[in-house]
Structure formats: C-alpha cells, structure tokens
Visitor: 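The structure is given below, and queries will be raised subsequently.
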Amino acid sequence: MQPTETDTFDAGDMSCGELLLALRKRLRAMPGQTLKLVTRDAGAYEDIPAFCRITGHELRHHDAQVWWIRARG
C-alpha cells in the first residue's frame, strides 16, 4: 500500500548529485511529512536508500521510479 504524500517532487532526468541536493532542501522544509519523489535517474535505486539511511529520513515505499520519503521530524 502506498503512503499518502503531502507534496510531490518530479525530478525528471535530474542527475543524482543535483537531485540529492534538491531533495535535501525540500525535506528540510517539511518535517514529519511525506514527499512523493519521481525520478528517472538510474542511480536512484542505490542513492535514495543510502541518502535516507545517512540523513535519518524514512524511505516508506518504492515503486518503480516513484519513492515515498517521510522527512525526519
């Protein structure tokens, strides 16, 4: 079951370095809320879970090119 998101960020083909910086900024602005991230970057499959582990955000669900991330509170 997919979580309910507060906001959606369509990162398109943004490369992972740029994507992670933008994601960090967005998640900081929404503590405790869930962001739906859409990305077509092939590196996301490794980078998004690692980003969440390192930063303390919760990776709630992943489905193909869509990720639901709960910002740490």
Visitor: Which side-chain N or O atoms in residues 22-30 pair as donor and acceptor under 3.5 Å with protein atoms at least two apart or in another chain?
Guide:
none

Visitor: Specify the closest pair of heavy atoms between G73 and P31, including all atoms of both residues, with the distance to one decimal.
Guide: O-CB, 3.9 Å
Visitor: Can you give me the closest heavy-atom contact between Q33 and T6, atom names plus distance?
Guide: OE1-CG2, 2.6 Å
Visitor: List, by chain and then residue number, the residues other than W68 in its hydrophobic cluster (Ile/Leu/Val/Met/Phe/Trp/Tyr, side-chain heavy atoms under 4.5 Å); write none if there are no others.
Guide: V38, V66
Visitor: Applying ring pair (Phe, Tyr, Trp, His ring centres under 6.0 Å), can you list everything that pairs with F9, at least two apart in sequence or on another chain?
Guide: none
Visitor: Cut-off 3.5 Å, no hydrogens considered: what does the side-chain donor-acceptor table look like for residues 39-59, sequence neighbours left out?
Guide:
unit_1	atom_1	unit_2	atom_2	d
T39	OG1	D41	N	3.2
R40	NE	D13	OD1	3.4
D41	OD2	G43	N	3.3
Y45	OH	A64	O	3.2
T55	OG1	F51	O	2.7
H57	ND1	R72	N	3.0

Visitor: Measure the CD1-OG1 distance between I69 and T34 for me, rounded to the nearest 0.5 Å.
Guide: 9.5 Å
Visitor: Once rounded to the nearest 0.5 Å, what's the spacing between atom NZ of K36 and atom OG1 of T8?
Guide: 5.0 Å
Visitor: Between D63 and H61, does the side-chain contact (heavy atoms from CB on, under 4.5 Å) criterion hold? Intermediate values first, please.
Guide: CA-CA 7 Å; D63 185 14; H61 186 73; 4.0 Å; yes
